[in-house]
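Everything below concerns the one structure shown next.
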Amino acid sequence: MYSSAYVWAKVLSHMEERLGAVTVSAWFDDAEVVELNENNLILYSPSDFRRDIIRSRCTDYIQDALKEVFNSDARLLVLGDEEMNARKSKGSSSAMDFNPQFTFDNFVVGSSNRFAHSAAIAVSKTPGQVYNPLFLYGPPGVGKTHLLYAIANGIRKKNPNANIVYIKGDQFTNELIDAIKNGRNIEFRSKYREADLFLVDDIQFIAGKESTQEEFFHTFNKLYEEHKQIVLTSDRKPDDMLTLEDRLRSRFLWGLIADINPPDYETRMAIIKNKAKQLGLELDDEVCNYIAVNITNNVRQIEGTVKKILAYRDLNNMPLDLSHISRAIDDMFKSEGSAVPTPSLIISQVCKFYNVEESVLRGTQKNKGTAEARQIAMYLIRKLTNLSLPDIGKEFNRDHTTALYAIRKVQMSLQNGDSDLQNNIRDITANINSSL
């Protein structure tokens, strides 16, 4: 039985023969296999633009490749963020294969990430022996997940039978809730405590969740005692996770803490040129400089900008001079601090933090935990957006007086020095900012 990663690699190779390596890389380099069986190949692509291209232009090529290479009539499904989240909320725990394009070789190294890169390579060479756990932290889009996948791909290359388990912090909570609800605690614990390599992305999302932290504590201890490698990523260092239990914080500090900062100008230029070369684009220094000067914090956004240039060139036959490119990609730029969270994002992050369904938070349920979460959501919407009190009330099917009461109640508690509430709001706000 072939692994889904092997099948997908063969499918990509087959499509490259028909479409060209540049085209396949442009549309599929962030696509990941969620599930593969005799009936379905389910992919996840975070980009609306590329997802539409895959669905409209590449479905037949993929299904032809599956038929020709593996004699499979599997139907293609391409999921976006909402569909993936819905899938997770229903308790689906199918392991996602690691994108084979995330390797150490194609990770652009600069002064901002050299230490983390070196540590990740050391872990992949001698898992469980040095830097355990390895804790990588930094803002979104700087390459933490790339290094996480590179470790997994490096270890899997040397040991194809290694039991590698990857999970996101909020998904760990969701699976634990589902296991408790359905009486599958033993199965849940076996999945994580028998891993040879345990990778957790966005570990900050377990902070403040008592049952999740309890379960993670015991999982961590068992793996550590058996010298199994643990790698964690976060948008902040352990000391800045105010609602994280001290016993977990101390364990995260047992190994190596490595930060990844936004890339400097030279590294940004190297990333742009490297990505353009991968996609078969020839961008002159004036164009590369224009992108590097305008996008300063986010590697993912830099790479997305180069891909958009390729798309405009292919779809609109656009010359690759600065005047045309600047008009095509100016919408990709945003000044520091200009992003304002939507009410939906704020509500979503509050619900994640308190383990509350959005429908419940927006509903009429009045138990203590739900009421506090709802009040904090109203307070943060008022603080972080320009919505009026009537508009805030509408988000929760209430009037403006209810919103005003909730906001004032939170403000009063903060003024009275409620440290737990202060810490909760700081962590939720950090989660919101990291999602922008």
Can you check whether Ser344's main-chain N or O pairs, donor with acceptor, with Ser348's side chain at less than 3.5 Å? no
Judged by atom type as modelled, is there a donor-acceptor pair below 3.5 Å linking the side chain of Asn153 to the main-chain atoms of Tyr149? yes
Would you check if Leu232 and Tyr137 make a side-chain contact, meaning some heavy-atom pair closer than 4.5 Å? no
Side chain Asp202, main chain Gln204, donor-acceptor under 3.5 Å: no
Between Arg249 (side chain only) and Met241 (backbone N and O only), is there a donor and an acceptor less than 3.5 Å apart? yes
Side-chain donor or acceptor of Lys273 paired with backbone N/O of Leu283 under 3.5 Å: no
Determine whether Thr145 and Phe102 make a side-chain contact, defined as any pair of heavy atoms from C-beta on separated by less than 4.5 Å. no
Evaluation steps, side-chain hydrogen bond (donor to acceptor under 3.5 Å, both in side chains), between Thr103 and Asp105: CA-CA 5 Å; Thr103 65; Asp105 289 340; 4.9 Å; no
Is the backbone N or O of Arg50 less than 3.5 Å from a side-chain atom of Ser47, with the two atoms forming a donor-acceptor pair by type? yes
Between the side chain of Asn113 and the main-chain N/O of Val108, is any donor-acceptor distance below 3.5 Å? yes
Would you check if Lys125 and Lys158 make a side-chain contact, meaning some heavy-atom pair closer than 4.5 Å? yes
Short side-chain to backbone donor-acceptor contact, His400 and Asp391, under 3.5 Å: no
Asn431 vs Arg236, test: side-chain hydrogen bond (donor to acceptor under 3.5 Å, both in side chains). Steps then yes/no. CA-CA 10 Å; Asn431 293 341; Arg236 70 207 80 156; 2.6 Å; yes
Arg382 side chain vs Leu404 backbone, donor-acceptor pair below 3.5 Å: no
With distance as the sole criterion, is a donor-acceptor pair present between the side chains of Glu372 and Tyr354 under 3.5 Å? yes
Less than 4.5 Å apart, side chain to side chain, heavy atoms only: is that true for Phe252 and Ile203? yes
Candidate list Tyr166, Phe220, Phe205, Tyr192, test ring-ring contact (aromatic ring centres under 6.0 Å, His included), partner Phe172, passing option: Tyr192
Using only atom types and a distance under 3.5 Å, with no angle test, would you say the side chain of Arg55 pairs donor to acceptor with the backbone of Val78? yes
Side-chain contact, heavy-atom cut-off 4.5 Å: Leu223 with Asn132? no
Applying side-chain contact (heavy atoms from CB on, under 4.5 Å) to Ile206 and Val200, what does each step give before you reach the verdict? CA-CA 11 Å; Ile206 76 168; Val200 186; 5.8 Å; no
Pick from Ile151, Thr233, Ile230: which one makes a side-chain contact (heavy atoms from CB on, under 4.5 Å) with Leu134? Ile151
Check whether any side-chain heavy atom of Leu244 lies under 4.5 Å from a side-chain heavy atom of Asp427, and answer yes or no. no
Using the side chain to side chain donor-acceptor pair (under 3.5 Å) rule, collect all pairs that involve residues 253-265, keeping only residues at least two apart or in two chains. Ser111-Asp264, Asp259-Asn261, Asp264-Thr267, Tyr265-Asn289
Atom pair CD1/CD1 of Ile302 and Ile295 - distance to nearest 0.5 Å: 6.0 Å
Does the side-chain contact (heavy atoms from CB on, under 4.5 Å) test come out yes or no for Lys228 and Glu194, once each step is laid out? CA-CA 9 Å; Lys228 305 299 185 181; Glu194 295 177 5; over 6 Å; no
Is there a side-chain contact between Val306 and Glu303 in this structure, where contact means two heavy atoms from C-beta onward sitting under 4.5 Å apart? no
Is it the case that more than 12 heavy atoms not belonging to Tyr131 sit under 6.0 Å from its OH atom? no
Could you state the interatomic distance from CD1 (Ile381) to CD1 (Ile347), rounded to the nearest 0.5 Å? 4.0 Å
Can you name the salt bridge (Lys or Arg N to Asp or Glu O under 4.0 Å) partners of Lys237, sequence neighbours left out? none
Under the rule for ring-ring contact (aromatic ring centres under 6.0 Å, His included), what residues qualify as partners of Tyr61, not counting sequence neighbours? none
NE2 of His146 to CG of Asn106, rounded to nearest 0.5 Å, is 4.0 Å
pair Phe104-Leu147: side-chain heavy atoms closer than 4.5 Å: yes
Got a second to check how far Lys209's NZ is from Asp170's CG, nearest 0.5 Å? 7.5 Å
